[in-house]
Protein chains: 2
Amino acid sequence: MKKTILVFTVAAVILFQSIAYAGNEPRISFMPVPSHVEYTSGNFRLDESFAVELIGNANVRLFPALTRILHRLVGRTGIFLTNDFITHNPKPENATMTISVARAGLLSVNEDESYSLTVTSQRITLTAETDLGAMHGLETFLQLLDNDSNGYFFQGCFIRDVPRFPWRGLLIDVCRHFMPMEVLKRNIDGMAAVKLNVLHLHLSEDQGFRVECKTFPKLHELGSDGMYYTHEQIRELLAYANARGIRVIPEFDVPSHSTSWFVGYPELASKPGPYAIERHWGVYNPTIDPTKEKTYKFLDAFFKEMSGLFNDEYFHIGGDENTGRHWDENPDIKTFMKKNNIPNNHALQDYFLGRVSKIFQKYHKKIVGWEEVMRQSSSTGTIIQTWREDKVLEEAVRKGYHVIVSRGYYIDLMYSAENHYENDVIPKNLQLSEKETKQILGAEATMWTEFVTPENIDSRIWPRTAAIAERFWSNDNVNDVRDMYRRLDVMSFRLEELGLTHQKNGEMMLRRLTNNADVAALKTFIDVVEPLKEYQRFDKGKDFASYSSYGRVMDAATADARSARVFSWLVNDYLADTTKKLLLDTVASYLKIWKQNHAELIKTIRMSPMLQEIESLSKDLASVAAIGSEAVEMIRSNKRADAHWVKNSLATLQKAKEQRGQCELMVLVPIEKLVTLTQIQ
Amino acid sequence: MKKTILVFTVAAVILFQSIAYAGNEPRISFMPVPSHVEYTSGNFRLDESFAVELIGNANVRLFPALTRILHRLVGRTGIFLTNDFITHNPKPENATMTISVARAGLLSVNEDESYSLTVTSQRITLTAETDLGAMHGLETFLQLLDNDSNGYFFQGCFIRDVPRFPWRGLLIDVCRHFMPMEVLKRNIDGMAAVKLNVLHLHLSEDQGFRVECKTFPKLHELGSDGMYYTHEQIRELLAYANARGIRVIPEFDVPSHSTSWFVGYPELASKPGPYAIERHWGVYNPTIDPTKEKTYKFLDAFFKEMSGLFNDEYFHIGGDENTGRHWDENPDIKTFMKKNNIPNNHALQDYFLGRVSKIFQKYHKKIVGWEEVMRQSSSTGTIIQTWREDKVLEEAVRKGYHVIVSRGYYIDLMYSAENHYENDVIPKNLQLSEKETKQILGAEATMWTEFVTPENIDSRIWPRTAAIAERFWSNDNVNDVRDMYRRLDVMSFRLEELGLTHQKNGEMMLRRLTNNADVAALKTFIDVVEPLKEYQRFDKGKDFASYSSYGRVMDAATADARSARVFSWLVNDYLADTTKKLLLDTVASYLKIWKQNHAELIKTIRMSPMLQEIESLSKDLASVAAIGSEAVEMIRSNKRADAHWVKNSLATLQKAKEQRGQCELMVLVPIEKLVTLTQIQ
């Protein structure tokens, strides 16, 4: 029975897709979409004789980069290439692809990342000013791979591509949950595949200090539970990122978010110790004491070491969410403020950040801070990273700051890919001069990890971040949401070859949740629910801590419930044109699946107590699907619903909005629309 | 249609399992089975109040080990434990589990690894002499976890457990294909879960030199393509293994298998250079020159560095597969042999190994070598690792050598778990004295990696190595193959929580092979085929090299084709008792699935050229399944087959034995049995 249900799901999706793209479904799925694409006639067929030559003056990183690209090509096709291992400038006699690079790229903001790619039936040509551009072009080249039943080919085309923003980043918080090296490495590969170029590492927090510090070893020894990166690992990571054209920006968050510093060095804090590593989530009061000279002596030595270790010209110093509580409670700090005419905590933070800025000037670093640093800082040399307030972007740009936008790209909040995709880096209604526009360096998606572990982090980052990467790279007129989702599916599949676990770990979690039983009913359920969004989990959850369970249904569910999305499109399309009866049939088949699913899922729940928390939500899915089915029947037969039924149905739908197991049903709005439609026929 | 077929498969497996274990299916699935288990009445129910106390004098490694165990428990149950992070000797007031350890275990052969575990409804008690025993006991504790529809519990029991052999190892070849740190780490966790205690790393080969060497940096700089472990990584790995009670034995293979050494140091070789890293598979001639004093000066300095880096008292020096060709071809070596009365290459290797042994005496290491070192070596201090010859084990033991057995445990040869499981470490017909028995330290499974990459290595090691680990740990009277497979399924599922990718990467490879289409038909096919066994792939394959495609069907197929195994059991059981008509029904339903599968799979093949190589094998599966179906029909109706049909059928079956795509069909023998049965009714 369960399996029969699955058949319907698959059939329905296929049916819907063929409706959506009937006749002219594009085979090529770029992501991000290049600036300029022209298709030409004639395909380049791939076989064992395929051979690449490199000309020009590329950075040596291009050789292994090219080897990796060829290896992925071999993995996708099974073809045994003879020219598959590039250790130096290859000049094979019968080269069929030419890569031409003028010079080695510098890993710095505003470097030339453009490329052009030409495919004819005889030859592929990739040309770029820098190897960074060439590496982007090689990713586009792989995205061009296509096949028919006879073999593999690249469609004839001419592409010219250049990014919209020079700073295209992903922040990973390795403090709330530590992320082993391989998590960062595989995500760096994923970033490169979608042409992101900045990995922002959030390295110190209340919950952990994550880098070995040779100057003050108690920072990592006492502040990390043994979970930190050694200097050698950081260097390994930087080399790995550099090899893929990605800059690494370290963030050590001061003066707040700093409990873990104080475990080893309580003398830095505004209140006396002892301190312990924070094991819960939230905004905490421990804050560096900005009034003592020895604080700055410590920070100078510390930032000196870290400025040497991390080689990018930018350095992030946090600066967010200072509650000021511990400053208020320290009489010495009050005295200091009075003596130095510092009127309030904002001014005190300004003083602190001024002192910190001076330290970084010595070490030739530009500093970046969260938007809170802007209101206090008088120096427009600090780069402002927006995250919370609506008006910050405009205010900062008008004041002359350079800006990185993260507001709208907080992927930990579990909004859909569509939500982030439709949020442009520069709001449509914001009028900026050319100069002001240039002050917006770019944007960063942020992966905060309170509810995220090495096991499911990839499913929080991917595939959504590929859609966000398109927003950062492609022209702002690339904004067809359905086509984005079509291409995102392909990208998601392709990202697996880089070792990313977003798909496979999800399946593994379902196996664990069902106690290794048949996962079909749970899969049907999970495809229509999403975990609670924003910070609701804090309010409505258990007392989450570092080692709590992060393998529950909500942790396996993703921010893009697939069936719910397709269902919602079907309903909207039908409402837009009620002559399309075929759409209504597909709607009905979805509803039928959901109506029947609880009877199956309850069996699994009985065998796996971990699933009990979603039992009533699963039951509600059956109830609302039954209502939807009745509505569809009435619509089909042009029968107007009686008011009593409508009232009861809407009440049931309303009640089903309540979260259970920290998940919510994503099919309620379209079902409400169907119910509403029964009133107006 | 495809989905309907799947229903049959699942139904058939469930049906068969209920036949096999009707009524008294054991819920507990130990692996390896403990020496002594007694079940008692009363279960210990698990809830949030569960708290552990530690008493005695354990090694500090037990605290994080216990944290990891609790974390896995939380992952399996979703329960928020309050006592979940063990950083020191915890003494919670309401402890419900007591772990008592007398002393810190030493990571050395013959350390006490025993433990006892008692579960009552009120309390769990784990007692061990050493923390190594306690860690084994904690794995058994996790294997005891059970549930009903109300929640989770541990069945009341008393267990006393001690290993059969002190040396229980897994060799991983990181040379043919380099294995990143995380591959080794997750496999160390897997090893600990099945109570293995030795990781043998094969670190140098013709194809790569994999450890940073500070004394002779050209070894790793020129011999590794940049793929090697730094000293810091090796130390990190040793610490990781130590924390899990696992010793690490390094192997640097001399005097042959050493091409990669000569890329940087051609002066060590028996023939002049230059040398390049070998990129193909096989047995090659480059060999260290044993006649020059500077060879030993080099080896002394080299082994000194490595003896300091690797902290185990054992060190493996290889010594296998010296072709002697380059010695024969070097006139200076011939002169040396004449001058020193060395009659042949065997004696020359003996001379070389004697010199190497002396070096290791200085550095207080015991040396291990492959069986070839025995015939020449006069020193019984060398530990012999058997791998090829039948008689070596007995010969070595009689001569007084200590022995590690790898013959029969070459998991790269792609034999089934059953095959290895039924191969005892000590052959049944071998009569040994008690002293001789004790000379057999234990055994090692060997994962050579010519055809194995980081992507599929876990599926080559697991779950088979869990069955092998049972062979190394449990009494030799634990040998019920079907029960082993039942427990192996559970173990395979549980091993996923350690990050092992044997299941999930297999699914990913199917997605890639089908070009992200429906994998059902390919899954049905792959469940009845196995990759070519032994070294047949060398003869029958393409010219495999380091970067060839290792993502084809044969690389996704495993050594235990599940449906084929169950089908074979069904046929055998029916032949043993032809009154069991229900078995024949299940046989028929399998055959029906396979008969229909090609019609589906061919559609997938048309969309994914990588699959073309298995097209005719898939077609043959349909043909032989049709024959099987006809045979079943005749058997059911007690109709004797005509000779012509039998002859043609057997010929078709014979022809289907031919490999295609380096895979073979595993259902031919049972179908032949059915055909044969039609003749004798």
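Convention: sequence-line order gives letters A, B, ...; per-chain numbering from 1.
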Most contact-rich option vs chain A, by heavy-atom pairs under 4.5 angstrom, among Gln612(B), Met181(B), Glu613(B), is Gln612(B)

So, the part of Glu507(B) with a heavy atom under 4.5 Å from chain A: the answer is side chain

When the 4.5 angstrom heavy-atom criterion is applied to Arg512(A) and chain B, the contacting part is both

| task | Examine Arg279(B) relative to Phe85(A) and say whether NZ or CZ is less than 6.0 Å from the centre of the six-membered ring and inside a 45° cone about the ring axis. | result | yes

message: Are the side chains of Asn515(A) and Phe493(B) in contact, using a 4.5 Å heavy-atom criterion?
response: yes

Applying a strict 4.5 Å limit to non-hydrogen atoms, the region of Thr501(B) in contact with chain A is neither

Rounded to the nearest 0.5 angstrom, the OG-CD1 distance for Ser149(B) and Ile602(A) is 9.5 Å

Assert top hit (heavy-atom pairs under 4.5 Å, partner chain B, pool Val490(A), Asp543(A), Val74(A)) equals Val74(A)

Taking C-beta and beyond as the side chain, do Glu496(A) and Met509(B) meet within less than 4.5 Å on heavy atoms?
no

Exercise. Using modelled atom types only, decide if a donor and an acceptor are shared between the side chain of Glu232(B) and the backbone of Thr230(A) within a distance under 3.5 Å.
Key: no

Heavy atoms of Pro609(A) and Gly151(B) approach each other most closely as CG-CA, 3.6 Å

Does the side chain of Gln233(B) come under 3.5 Å of the side chain of Glu236(A) through a donor N or O and an acceptor N or O?
yes

Closest non-hydrogen contact found for Arg76(A) with Met610(B) is O-SD, 3.3 Å

Checked Glu455(B), Glu497(B), Arg606(B), Met607(B) vs chain A; the most non-hydrogen pairs under 4.5 Å come from Arg606(B)

- prompt: Passes side-chain contact (heavy atoms from CB on, under 4.5 Å), Lys542(B) versus Glu48(A)? Steps please.
  reply: CA-CA 12 Å; Lys542(B) 309 207 178 189; Glu48(A) 301 197 358; 3.7 Å; yes

If one checks every heavy atom of Phe544(B) against chain A at 4.5 Å, the contacting part turns out to be both

Nearest heavy-atom approach of Ser549(B) to Gly78(A) is OG-CA, 3.5 Å

Closest non-hydrogen atoms of His71(B) and Tyr547(A), given as atom of the first, atom of the second and distance, are ND1-CD2, 3.4 Å

Per-residue tally against chain A (heavy atom, under 4.5 Å) across Pro454(B), Pro180(B), Gly499(B), Ser548(B) peaks at Ser548(B)

Cut-off 4.5 Å, heavy atoms of chain B, and the answer for Asn147(A) is side chain

Check: Going through the checks in order, is the side-chain contact (heavy atoms from CB on, under 4.5 Å) test met by Arg511(A) and Lys504(B)?
Finding: CA-CA 11 Å; Arg511(A) 281 193 285 278; Lys504(B) 58 194 179 185; 4.0 Å; yes

